[in-house]
Amino acid sequence: MKKRYEIKGMTCSGCRNHVEEAILNVAGVADVSVDFKDAEATVELQFEVPLENLQEALKNTGDQYKIQLKNSVEQN
């Protein structure tokens, strides 16, 4: 399944890379694409991943990123 999330706190393309890498390392995440311009991430999930797990991964980057669900793209 794919879900779309709003990402707050990105100020540059380097931030985009940090967010992408952090989310990709969360268990259950198969793929991620972060759009800096639209401040959103499209995440392909192998199974349901709690939002708290994604937020914790972003917190561990040391930056002040915030993530919230925008909508589901598709359900498999």
Item to complete: Please round to the nearest 0.5 Å and tell me the distance separating atom CD1 of I67 and atom CG of L54.
Response: 4.5 Å
Worksheet item: Is there a side-chain contact between Q55 and L58, using heavy atoms and a 4.5 Å cut-off?
Response: yes
Worksheet entry | Heavy-atom side-chain contact between V43 and D31 under 4.5 Å | no
Worksheet item: Counting heavy atoms not belonging to Q68, are there more than 12 under 6.0 Å from its CD?
Response: yes
Fill in: Distance, nearest 0.5 Å, that separates CG of N25 from CG of N60
10.5 Å
Discussion item. Under a 4.0 Å threshold between the charged nitrogen and the carboxylate oxygen, would E48 count as salt-bridged to K3?
Written reply: yes
Worksheet item: In Å and rounded to the nearest 0.5 Å, what is the CE to CZ distance from M1 to F47?
Response: 9.5 Å
Worksheet item: Out of curiosity, E44 CD to I23 CD1, how far, rounded to the nearest 0.5 Å?
Response: 13.5 Å
Fill in: Nearest-0.5 Å distance, CZ of residue R4 to OG of residue S33
10.5 Å
Worksheet item: Would you say the side chain of L51 lies within less than 4.5 Å of the side chain of Y5, judging by non-hydrogen atoms?
Response: yes
Worksheet entry | Closest approach of V26 to A57 (non-hydrogen atoms, all atoms of both residues) | CG2-CB, 3.4 Å
Worksheet item: Do you know which two heavy atoms are closest between G9 and C15, and how far apart they sit?
Response: O-SG, 4.5 Å
Discussion item. Within this structure, what is the CD-CD1 distance for the pair E20 and I7, rounded to the nearest 0.5 Å?
Written reply: 10.5 Å
